[in-house]
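Throughout, a chain's letter reflects where its sequence line sits, starting with A, and its residues are numbered from 1.
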Number of protein chains: 2
Amino acid sequence: MPKPLPLLEPLPTAADCCVPLAASPLSATDARELANRLKALADPARLRLLSMLLASENHEMCTCDLTGPLGLSQPTVSHHVKVLAAAGLVVGERRGTWTWYRVVPEALTGVARVLDPAGC
Amino acid sequence: MPKPLPLLEPLPTAADCCVPLAASPLSATDARELANRLKALADPARLRLLSMLLASENHEMCTCDLTGPLGLSQPTVSHHVKVLAAAGLVVGERRGTWTWYRVVPEALTGVARVLDPAGC
DNA sequence: AGTCAATATTGACAACTGTCGATCTCATCC
DNA sequence: GGATGAGATCGACAGTTGTCAATATTGACT
């Protein structure tokens, strides 16, 4: 359990696609793209992982601190963060031996906004 | 392509779970529940289906009007609307030979609100 | 009853996914 | 350099999922 270092740079911005679901019938490619992001979210372990990151002290955690609470093996946790990172929902940063992950809030907000028929 | 009848009753309300993702680490059961909803959303065909419903004239369509634009067989469309209905995201109503489906906007809004770390 | 049309269900199959053990990579410290 | 420890990757396996053809069900209309 290493001590978290203070972040040096602001959180990176994420591609936040903005094709509101309710505006017009989604094209096949837009639908595939949004589905990919939602697929990354649609897993209990990854949702818990995200919420743990968001609720953590410095809004970041290393893999070693995630395996225990999630009750999953280290390779499995590594797999999940990789899926989330590929979807742009988290970013990882290597500092020495550890890799620190944090959520990209803009990405989550983007997905939320696309979904909400009330327009948010 | 039958003519859509005017809706007689207001849209039904849906269970909108409200455990904000960012507030605290999600419990295993809460995560599973939210993941189930997201799994229902995380498919290109179902996303297109939802957006077609939302963008349609009377905010409802019958199965027969969905198969063509989606480019999927009738059983497959029937399968997808069933998944969406099981997740509470759409409701179907049989009128004569046809079944009319419409989105439950509250359900979508609920998911969007849970996801958004900005709190909406 | 009998026919027709829309929808739902079933069965089957290929593709994808979550999980873990084993192994590999890389940075740190002696 | 060698040892240690965190994390990533690989290979395998069970479970799930999207799809369709075939069939069943339901409602309308003679």
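- Across B/Pro117 and A/Leu54, no two heavy atoms sit closer than the pair CB-CD2, 4.4 Å.
- Between A/Val83 and A/Arg94, the residue whose closest nucleotide on DNA chain C is further toward the 5' end is A/Val83.
- A donor N or O paired with an acceptor N or O is not found under 3.5 Å between the base of D/dA6 and the side-chain atoms of A/Gln74.
- Among the atoms of the strands shown, only primed sugar atoms or phosphate atoms (P, OP1, OP2) are found under 4.0 Å from some heavy atom of A/Thr99.
- When all heavy atoms of A/Pro25 and B/Met52 are compared, the pair lying nearest together is CB-CG, 4.0 Å.
- At whole-Å resolution of the value, NE2 in B/His79 and P in C/dA12 are 17 Å apart.
- Note: CH2 (B/Trp100) to P (C/dA8) measures 13 Å, nearest angstrom.
- A close approach under 4.0 Å does occur between a side-chain nitrogen or oxygen of B/Arg46 and OP1 or OP2 of D/dG18.
- Here the P atom of nucleotide D/dG5 and the CG atom of A/Asp65 are 17 Å apart, to the nearest Å.
- As a whole-Å value, the separation of B/Leu70 CG from C/dT7 C1' is 16 Å.
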### Query
What do the steps show when you test A/Leu108 against A/Leu41 for side-chain contact (heavy atoms from CB on, under 4.5 Å), and what is the final call?
CA-CA 9 Å; A/Leu108 268 180; A/Leu41 287 170; 4.0 Å; yes
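- Among the heavy atoms of the strands lying under 4.0 Å from B/Thr76 is at least one base atom, whether or not backbone atoms are also near.
- Proximity of B/Lys82 to the phosphate of C/dT9: a side-chain N or O atom is located under 4.0 Å from OP1 or OP2.
- You'll find the side chain of B/Leu84 stays beyond 4.5 Å of the side chain of B/Val103, heavy atoms only.
- Taking the side chain of B/Pro75 as heavy atoms from C-beta on, and the options D/dT17, D/dA21, C/dT17, the nearest nucleotide is D/dA21.
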With both pairing distances under 3.5 angstrom for Watson-Crick or G-U wobble, and | for a partner in another strand, the correct string for DNA chain C is ||||||||||||||||||||||||||||||
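- Both A/Gly96 and A/Ala42 lie near DNA chain C, and the one whose nearest nucleotide falls closer to the 5' end is A/Ala42.
- Distance B/Leu72 CG to C/dT7 C1': 16 Å, rounded to the nearest Å.
- Remark: B/Arg95 engages B/Glu60 in a salt bridge, criterion side-chain N to carboxylate O under 4.0 Å.
- Using a 4.0 Å cut-off, no side-chain N or O of A/His80 falls inside it from OP1 or OP2 of C/dT17.
- Using a 4.0 Å cut-off, no side-chain N or O of B/Tyr101 falls inside it from OP1 or OP2 of C/dA6.
- Among the heavy atoms of the strands lying under 4.0 Å from A/Thr63 are primed sugar atoms or P, OP1, OP2 only; no base atom is included.
- Not a single donor-acceptor pair under 3.5 Å links the side chain of B/Arg94 to the backbone N or O of B/Thr99.
- Residue A/Trp98 has its side chain nearest to D/dA6 when only C/dG18, D/dT26, D/dA6 are considered.
- Scanning for side-chain contact (heavy atoms from CB on, under 4.5 Å) contacts around B/Thr97 gives an empty result, with sequence neighbours left out.
- Spacing between atom CG of B/Asn36 and atom C1' of D/dG15 amounts to 15 Å, rounded to whole angstrom units.
- Side-chain contact check for B/Arg46 and B/His80: at least one donor-acceptor pair (N or O, by modelled atom type) lies under 3.5 Å.
- In this structure, B/Glu93 places its CD atom 14 Å from P of D/dG27, rounding to the nearest Å.
- Between B/Leu41 atom CG and D/dG18 atom P there is a gap of 12 Å when expressed in whole angstrom units.
- At C/dA6, none of the side-chain N or O atoms of B/Thr97 fall inside 4.0 Å of OP1 or OP2 (strictly under the cut-off).
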